[in-house]
Amino acid sequence: MSKKPTVQPALHKVIMVGSGGVGKSALTLQFMYDEFVEDYEPTKADSYRKKILLDGEDVQIDILDTAGQEDYAAIRDHYFRSGEGFLCIFSITEDESFQATQEFREQILRVKNDENIPFLLVGNKCDLEDKRKVSFQEASERARQWGVPYVETSAKTREHVDKVFFDLMREIRARKMEENKANNGRGKDRKKKSIKCVIL
Amino acid sequence: MVPPPVVTGLSPNDGPPGTRITIRGENFGTKATDLVGNLMRINQFKSNTEWKSPSKIIAISGPGKGLGDVIVSTKVGGVGTCNVKFKGYKNENIGPMKDSAVWVEETSFYPWDRHSLSSSSFQQDDPLGLSVEGTERKLSEDDLNEKFPSASGDITSENFSACWFLLENHLATSFNDLQAGLLHLKRKVEGQKEGHLSFLKTNVGAVMDQVDTLILLKEKYGSDLDEFGSEPTLKLEKAIKESEREARKLYDDVLTRRDRAEKTRNALNVLSRFKFLFCLPCSIDRNIKKGDYDIVINDYMRVKNLFLKRDIPVFKMALNEIERCIVGIKKQLHVKLVKMPIHVDEQKRLIRYLINLDSSFEPAWDAINGHADYLHSRMKQCYEEHKAAIVEDLNKSKNSNLSSKYSKFAAMHDTNHCPQNVFYVEEMCDIISELFPDIWKLGQSYFTGELHVKVEPGHKTAFKHTVLNIMEVFCKRLRAAIIPHSLDRNTDRNTYEAWTLPDIDVMAVYLPDCLRYVRLSYAILVKLDLPSDALDIVLAFISDLRIHCMCVLFKKTTDNIKRLSKQEKWKVEVSGSHNGITDLPLNFENAVQDLIQVIAESVLKSEAREGPLGESTSSKRIRQTGSSDDDDDDEIRSPIVSQLIGTPSFVYRSRTHNQKPAWEHRLLMTLANCQYTMNAVLKNIVEAFSKNGYNISPNIIRKSRTDLENLERSILESYLEQKSDPLVGTIEPSMYLGRFDWDTNITPTDLRPYAKECINNLIHVHFEVNSISSKLVDSVLPQVVQTIAEELYRLMSCVQKFSTAGIQQAHVDISALQEFFQGYSTPKAKDHFKEAMELIPPLKQPDLTIVEDILQKCRTKMRLQVLCLQKS
């Protein structure tokens with residue numbers, strides 16, 4: 001059981017959220033294994049982890065692919081707590097899934113209690129342009145309101161699939177570095193304080 | 001060395017024992033047998049693992065609890081590593097009343113299930129006996145792990161930690177409850193310590209109840225044994241078996257019925273889906289009845305495109321059915337196509353259908369052949385019909401001949417009857433002009449590809465041969481009917497039985513009609529743009545027919561003219577320019593003019609029209625016709641001549657008949673006719689011929705003219721013979737009448753009577769001729785005068801001795817005759833007179849005056865006679 005990796009690379013925990021059937025698992029599997037799964041099988045909760053090279057740096061990405069169905073809404077809180085970044089997926093061919101992103105966003109903010117949590121709004125199935133129900137403007141408008149990027153992807157053609165994951169990881173990394181700095185700063189402050197205390 | 005397998009993904013990442021997990025990662029081996037097993041928590045299992053691909057396997061989770069690695073090991077890669085962890089959790093008994101965040105697997109299929117349930121010691125659910133609901137807030141396993149490293153909440157574990165257990169299971173339990181739980185636990189432990197006795201003590205009531213029940217059961221069982229025998233369950237078993245069988249039967253029954261229903265439904269589905277296919281034979285029949293072959297063909301094509309490549313037996317069956325139908329249609333269409341008579345457009349349509357239906361035979365070619373055969377058969381049929389009609393006519397005419405003895409009308413009717421040959425020709429022409437264009441059009445559209453058929457290479461010549469053959473047969477049949485002599489003696493006579501030709505008179509009436517029929521057909525053929533060799537056959541026939549027609553017409557006219565003579569009525573027509581002619585020459589002229597008219601209308605007129613068709617051939621033909629006409633012309637002329645010559649002999653014979661004019665008169669009339677014919681009629685005829693474009697050779701005209709002249713001369717001679725012989729004969733006897741001698745002494749006082757008689761006779765002839773025709777006078781009288789002069793000369797030369805008075809008398813006579821006949825004297829006559837004068841010895845002057853005196857007296861005396869003989 002003794003698992004002692006010499007230099008454990010940074011681990012970024014990504015959580016896929018979104019309504020059922022929008023393509024969370026498809027995106028994940030495309031990113032992880034370069035395969036496109038045609039048949040639909042509702043996910044309960046899947047874990048994926050692999051080493052990747054992010055801007056020349058070895059990192060590990062841990063993807064939690066969650067269930068989109070409302071049946072699992074009760075246990076989402078538990079998942080969200082462990083997430084460091086979120087990909088909020090909807091299908092451009094289904095307006096309902098787009099409306100549901102609002103709910104997901106609110107839930108995440110409530111659980112994480114952090115307005116600036118790394119978050120990407122992703123419109124999937126952009127290869128089905130002829131069946132589009134959610135316009136690009138509409139989606140970008142919402143993303144702008146939330147202050148997050150909006151990307152359109154296609155798990156089928158792998159368009160922008162890598163981009164969303166990498167973008168999110170960069171945000172997570174930037175965020176972590178910021179936190180580290182803040183922690184260090186606080187530590188220093190605390191030190192100074194304690195010193196001060198000593199002096200006092 | 002193959003790298004060890006790495007697990008990078010789990011789906012799902014948690015679940016109770018027995019969860020089906022999709023494991024993804026790398027190096028899971030290249031085939032199913034490479035997999036040794038996967039290690040999940042403490043359970044090693046391979047039997048529940050399914051290898052999908054080198055990056056994917058599917059496994060069932062074991063009965064572990066808590067977080068654990070999922071390790072995959074392969075034969076070549078050995079034991080692998082794991083990036084993601086699986087969290088197994090206890091299989092909580094989630095009742096129907098309890099909320100659950102996850103899907104509850106109701107089927108407990110895993111093999112250890114029963115064991116875990118039966119073994120209460122393996123997993124003590126609730127050692128404190130507090131029966132807490134599991135839904136309360138829990139500390140996460142991670143937290144517990146952090147707090148109690150190297151410890152476990154598992155009771156059975158060696159490093160069991162009570163704190164962990166309490167925190168995990170009784171986080172929300174109140175202290176009192178926990179105390180109660182402790183008591184419970186203590187009691188249990190104590191109970192175990194006290195052993196069975198204490199257990200019995202505490203449960204004595206229940207034990208007693210159980211014993212009572214057991215006794216009761218035994219008694220009951222004993223009584224049942226007595227009643228039902230040693231095997232009480234046998235019957236039951238049997239019944240159960242029976243019912244099971246029944247149930248199975250029922251089940252099977254239902255199943256089979258369901259199957260059948262399913263099958264029926266499927267069949268119905270298929271039927272309705274492929275209604276089009278299955279209904280096609282029906283609709284084909286319906287459409288055929290309606291005649292909508294287009295629809296049929298369209299449907300057939302569609303079906304063929306849709307279903308031909310499918311291997312489904314039902315479709316094949318249906319297709320076979322349709323194919324059979326179509327074959328039937330094809331046959332039907334083909335029969336229709338070959339069945340005559342049929343319009344060419346209809347036929348074209350049928351051909352198109354057949355081609356669309358991919359017919360095995362060649363519809364267009366068959367149609368052409370069918371047409372040709374039909375044409376031949378029609379011609380044959382026509383031939384036979386008319387042959388039969390002829391036979392019938394023959395029979396009838398035999399009968400009528402028999403009966404004609406009794407009724408003249410029947411015989412008359414028979415001769416006026418139009419010959420069957422003509423009907424035959426007419427009908428043949430109708431047939432060819434009706435049917436042949438169809439063949440030709442069909443052939444043209446076949447060869448120009450209008451019918452969308454590939455033209456067989458040999459067919460072009462075959463078609464040409466067919467066309468030529470038709471033409472040949474057509475012409476030969478007609479030849480056999482009208483001009484059998486033009487058939488080739490050896491070959492054709494046998495195949496085309498020559499017809500018995502009707503009388504030439506009858507034929508002549510109808511031949512132009514026949515020619516016209518043939519011409520009409522030929523015009524139609526010409527319009528069709530036939531090849532020239534086909535047209536040539538007909539053209540040759542037409543020209544033969546024309547020649548024949550012309551021959552017949554000429555012959556008929558000749559016969560008619562011959563017969564004209566018999567109709568001579570000897571009635572003198574007095575016309576302005578020509579006196580003394582009968583209607584004979586006029587009739588002749590009319591007949592010839594009529595002939596020319598008919599020929600011009602039928603034969604010659606078209607010559608010009610057809611001329612351009614083939615310059616060389618037609619010109620040759622014209623020459624041919626021309627040459628044959630020459631013969632005909634000769635033939636025409638000769639009878640005229642013979643007729644006119646024959647007239648005198650006829651006249652001789654009819655001399656005794658009183659009602660006819662005197663034969664001398666008739667001779668004169670004939671002479672007048674002859675002259676008229678020569679001068680007027682011949683010119684008119686020649687003119688008429690040339691006006692109608694008929695070149696008559698000058699030879700013929702010359703010959704005719706000479707013939708006529710000869711005739712005239714001979715008539716004239718015979719007339720002169722008739723007239724001058726007695727006249728001349730009387731001179732000598734009357735000269736020497738009364739023993740007159742030129743050596744006389746009586747001085748002459750007047751003309752001798754012989755001279756007067758001579759003058760009177762001549763005047764009589766003059767009157768006779770003049771009464772018929774004054775024109776003839778000039779040609780007749782001089783001849784008479786000449787013979788008189790000649791006779792005189794002969795008589796004078798016979799005189800041995802002249803006295804002076806005789807000399808005077810001779811001088812007076814001859815001079816008077818010479819003078820009186822001055823107007824009609826030919827040079828020869830004058831010579832004779834002069835010679836006669838010279839024979840007489842010359843007179844002396846006083847004697848001459850005496851002669852002059854006598855002559856002077858005579859002139860005054862015979863003034864009337866002189867006037868008669870003077871030219872007007």
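Sequence lines set the chain letters: A, B, ... in the order given, protein chains first and strands last, and positions in each chain run from 1.
Legend: residues meeting side-chain contact (heavy atoms from CB on, under 4.5 Å) with A/R81, ordered by chain and number and at least two apart, are A/D77, A/H78, A/V111.
The distance from atom CD1 of A/I63 to atom OG1 of B/T8, rounded to the nearest 0.5 Å, is 9.5 Å. A/E41 contributes atom CD, which lies 6.0 Å from atom OG1 of B/T22 (distance to the nearest 0.5 angstrom).
Heavy-atom contacts from other residues, nucleotides or ligands closer than 6.0 Å to CD of A/E96 number 12 or fewer. A 6.0 Å sphere centred on CD of A/Q145 holds more than 12 heavy atoms belonging to other residues, nucleotides or ligands.
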Give the C-alpha distance, both sets of side-chain angles, the deciding distance and a yes or no for side-chain contact (heavy atoms from CB on, under 4.5 Å) between B/R24 and A/K50.
-> CA-CA 11 Å; B/R24 289 168 183 277; A/K50 87 167 174 181; over 6 Å; no
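Contacts of A/L29 with chain B are made by side-chain atoms alone, with heavy-atom separations under 4.5 Å and no backbone atom involved.
Across all their heavy atoms, B/S11 and A/Y48 have their closest contact at CB-OH, 3.8 Å.
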In a table with atom names and distances, give each donor-acceptor pair under 3.5 Å that connects a side chain of residues 11-21 of chain A to protein atoms at least two apart or in another chain.
from	atom 1	to	atom 2	distance (Å)
A/H12	ND1	A/K176	NZ	2.9

